[in-house]
Structures are given as structure tokens and as C-alpha cells.
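Structure first, commentary second.
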Amino acid sequence: MRILLVGAGGVGSAVVPIAARRQFFEHIVVADSKQNRAAEAVAQVDDPRFSAIQLDAADRAQVAAALREHRCDVLFNAVDPRFTMPLFEAALEAGAHYLDMAMSLSRPHPRRPYELTGVKLGDEQFARDAEWRANGRLALVGMGVEPGLADVFARYAADHLFSSIDEVGIRDGSNLVVEGYDFAPTFSIWTTIEECLNPPVVWEDGDWRTTEPFSEPEVFDFPEGIGPVECVNVEHEEVLLVPRWIDARRVTFKYGLGEEFIGVLKTLHKLGLDGTDKVRVGDKEVAPRDVVAARLPDPATLGDRMRGKTCAGTWVKGVGKDGRPREVYLYHVVDNAWSMREYGAQAVVWQTAIHPVVALELVARGVWKGEGVLGPEAFDAVPFLDLLSEYGSPWGMRDQSEDRAA
């Protein structure tokens with residue numbers, strides 16, 4: 001397998017040392033709009049299987065040409081979702097397989113954004129499914145941690161733990177602290193604004209609907225010492241992916257943001273600083289959201305200042321295989337001290353980076369195979385979870401069923 005890894009930011013850079021420990025690929029070309037950033041990512045490892053090039057992710061023709069020139073049979077998209085469609089289309093044009101961690105962007109309903117869906121996350125990609133199948137190529141979409149591992153957990157629960165599912169609820173929380181900053185997101189602020197300020201989507205009784213941002217707050221108790229964190233509805237791909245393959249009455253995504261973080265995001269929205277349309281400032285035109293991103297520290301550089309753990313997981317409630325009510329939380333926890341010590345990457349970006357690497361190894365082995373536009377739910381979860389443990393990053397399960405806990 002020869003891979004074109006597009007994006008050498010936090011997640012892309014974390015992919016390199018993870019993949020370097022594995023033997024499933026022949027070569028990975030790391031590409032970024034900044035040649036020096038791609039080179040720095042490659043320089044982390046002394047491995048001739050990696051090389052660096054400069055590439056504009058927005059230029060479909062340039063990306064397709066790079067796939068052909070470097071004889072890459074997979075495009076691994078590690079940039080933010082505004083570049084998803086040109087990369088997705090470039091891979092299709094070049095006859096390569098494709099993997100991303102964030103799907104094509106949504107557009108709210110023009111009149112009733114907090115009731116009805118408009119263009120949903122991934123709609124543009126799923127509309128091209130027939131073309132991918134006709135070309136005999138796989139587009140594995142939403143294969144990071146959330147979405148990604150969370151969807152694998154849902155598949156595992158449906159196949160091995162439940163006979164019927166009432167709700168699949170993705171719950172993400174942490175006790176991470178960044179020392180020395182009043183406000184420092186641990187993930188891309190561009191992506192965070194996009195998913196937190198768009199109308200959240202909920203799947204319920206056979207259809208998708210939307211709600212207000214930060215709605216339906218609940219306190220969720222996260223494992224391994226993280227503890228209770230207030231979580232709120234946020235737009236996320238799992239809600240659009242899970243119902244396509246798994247029968248569940250309700251699917252939700254709730255994120256532990258915290259009161260201060262929510263307040264900052266609301267202020268950015270009130271001031272129009274979350275906008276992506278360029279505005280004139282003097283003799284320059286800039287997108288307000290890009291200005292916000294430029295004023296904040298690069299999340300990939302925060303590892304030395306971070307402490308604590310981050311948890312991604314899937315809470316499932318329904319009827320177990322034995323016919324009794326069951327409730328479980330399947331989860332994956334990363335301690336920042338461990339990820340920095342072992343890989344030199346902060347916990348949030350490392351946790352995002354490992355899961356697509358595991359998925360690509362399964363594709364390379366022929367364990368996961370398919371054609372068309374598919375989410376993680378379309379594949380057997382057990383080989384993935386077994387391989388994740390082999391990578392040295394085990395997952396856990398907490399049974400919260402009342403009759404089992406007694």
C-alpha cells in the first residue's frame with residue numbers, strides 16, 4: 001500500500017510516528033501546503049518509507065496528479081473538512097481508495113434550521129456512492145476517533161451485546177488542562193466552531209431532526225478518573241452514519257465543552273467572528289474564522305503544557321442478547337502524559353490519529369474490504385478492536401445495567 005497523507009498539522013504529524021511502527025505499507029508521502037511542515041513531520045522518524053511534498057489540498061487536479069506521480073493507491077485526508085470534497089473527488093479521478101476523518105460540510109435549512117435538516121454532513125459524498133462502486137474503489141468516510149472508533153463501538157454493540165437498541169449516544173469528555181493560556185482549544189478551532197455552532201442533528205424514530213446548539217445538557221460520568229462532565233448536543237458525523245447501518249430508535253452526539261468554552265463560542269458567533277466569508281479589513285480580505293484561528297496556539301504544540309486525560313466513547317441502551325435491559329459505555333481513554341512520552345503527540349490529536357492508521361492496516365490486509373462510500377459501521381468491529389489493542393492502546397467497557405451492577 002502506498003499512501004498520500006494530505007495534511008501535516010496536529011493529526012497528520014501524529015500519524016507518522018504511529019504508522020512508522022507498522023509494516024503494512026510500502027510508502028507514505030506526507031503532503032502539506034507548507035513544505036517545511038511536511039518535512040518536519042517526516043523528520044520525526046528515521047524511516048525511508050516516508051517522504052514530504054508541498055501540495056494544495058484545494059486543488060483537485062494537483063492532488064490527482066500527485067496520486068499518480070507517486071503511485072499512491074490510497075488518499076488519507078488529514079486536513080479540515082472544507083477540503084473534503086476536492087480531495088474526495090481527486091481520489092476518485094485518480095482511481096485511488098480514500099479515507100477521511102471528517103465528512104463533507106453541512107448547510108443548515110434556510111428557513112427552519114433548528115427543526116429541519118438542510119444539507120447534512122456527508123450528503124455530498126454519499127451522493128457519489130454509485131461512482132465509487134462503479135470504479136471498484138472504497139471511500140471510507142468518518143474514520144477518526146469521533147467519528148470512527150465511536151462508530152466501531154456502535155457496530156460491536158449491535159452485533160455482540162444487544163438484541164435491540166433504544167439509543168446510541170456518543171459521549172466525549174476530558175479533564176484536560178492547558179497551563180499558561182486563558183483559552184486554548186486542544187483541537188482545530190476551525191473545526192470546533194463548525195461543529196459546535198451548526199444546528200446539532202438527532203436521529204429519532206426513523207428520521208433526522210435538528211435542535212439548538214448546546215441543547216439538552218446532561219452530566220455524564222467518564223471513566224478512569226475523569227469523572228462527571230456536562231455534555232451538550234453538537235453536530236457530528238456519527239448521528240448521520242450510525243442509522244445507515246445500525247437499527248437504533250435514537251442516535252445522539254454530546255460533547256463535554258464546559259461553560260467557559262460555550263461562552264466563548266457564543267461570543268464569537270454574536271460578533272460574527274465564526275464566519276467563513278471574507279470581509280474587507282483595510283486593503284485586505286480575510287475570513288473572520290481564519291483570524292480567530294491565527295490568534296490561538298496551534299493545538300499540536302500544546303502537549304507540554306497539557307495534563308489530564310481525554311475519553312471518547314459510545315453509550316448504548318437497549319435489550320441485551322439475554323433479553324434483559326442493558327446499558328453499556330464502550331470507551332477509549334488516552335492520558336496526555338503517556339502519549340507525549342511515547343509518541344511526542346498531545347492526547348487529543350494522537351487519539352484522533354491512531355484509528356485511521358488501524359483502519360488502513362485492516363484494508364491493506366484485506367480484512368476490511370468493500371466498494372463505494374462506506375462508514376466504519378459497514379465493517380466487522382472485532383478485527384479493529386483487536387488490532388487497536390495490539391497497537392498498545394486498549395479500549396474498555398463499563399456495564400451500567402442496573403440488574404448487572406447489583
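Heavy-atom basis, side chains included; hydrogens, waters and symmetry copies ignored. In what follows, residues are counted from 1 in the order of the sequence shown.
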Residues T211 and E216: side-chain donor-acceptor under 3.5 angstrom: no

Q54 versus Q35, side-chain donor and acceptor atoms under 3.5 Å: no

Derivation and outcome, side-chain contact (heavy atoms from CB on, under 4.5 Å), residues S106 and N198: CA-CA 8 Å; S106 64; N198 279 348; 3.4 Å; yes

Salt-bridge criterion met for D32 and K34 (N-O under 4.0 Å): no

Under 3.5 Å side-chain donor-acceptor pair for E371 and W132: no

Flag for H109-T210: side-chain donor and acceptor within less than 3.5 Å: no

Side-chain donor-acceptor pair present, Y114, R209, cut-off under 3.5 Å: no

Derivation of the side-chain contact (heavy atoms from CB on, under 4.5 Å) call for L388 and I354: CA-CA 8 Å; L388 180 62; I354 186 172; 3.9 Å; yes

Under 3.5 Å side-chain donor-acceptor pair for R249 and S164: no

Donor-acceptor contact present, side-chain Q44 to main-chain A41, <3.5 Å: yes

Any donor-acceptor N or O pair under 3.5 Å, side chains Y391, E361: yes

Heavy-atom pair of closest approach, residues Y329 and F220: CD1-CZ, 3.6 Å

Plane angle bin for F253 and H236 - parallel if under 30°, tilted between 30 and 60°, otherwise perpendicular: parallel

Parallel, tilted or perpendicular: rings of W368 and F384 (30°, 60°): parallel

Nearest heavy atoms of A20 and V45, plus distance in Å: CB-CG1, 3.8 Å

Proximity of F76 and Y98 rings by center, below 6.0 Å: no

Polar side chain donor-acceptor pair, D100 to Q125, under 3.5 angstrom: yes

Polar side-chain atom of K321 near backbone of F162 as donor-acceptor pair, under 3.5 Å: yes

Minimum heavy-atom distance between F214 and K266, given as atom pair plus value: CD1-CE, 3.6 Å

Lys/Arg-Asp/Glu bridge criterion (N-O < 4.0 Å) met for R2, E26: yes

Charged N-O contact under 4.0 Å between R68 and E93: yes

Salt bridge (Lys or Arg N to Asp or Glu O under 4.0 Å) evaluation trace for R137 with E131: CA-CA 9 Å; R137 293 292 180 267; E131 295 173 68; over 6 Å; no

Plane angle bin for W350 and H332 - parallel if under 30°, tilted between 30 and 60°, otherwise perpendicular: parallel

Within 6.0 angstrom of R295 CZ, more than 12 heavy atoms from elsewhere: no

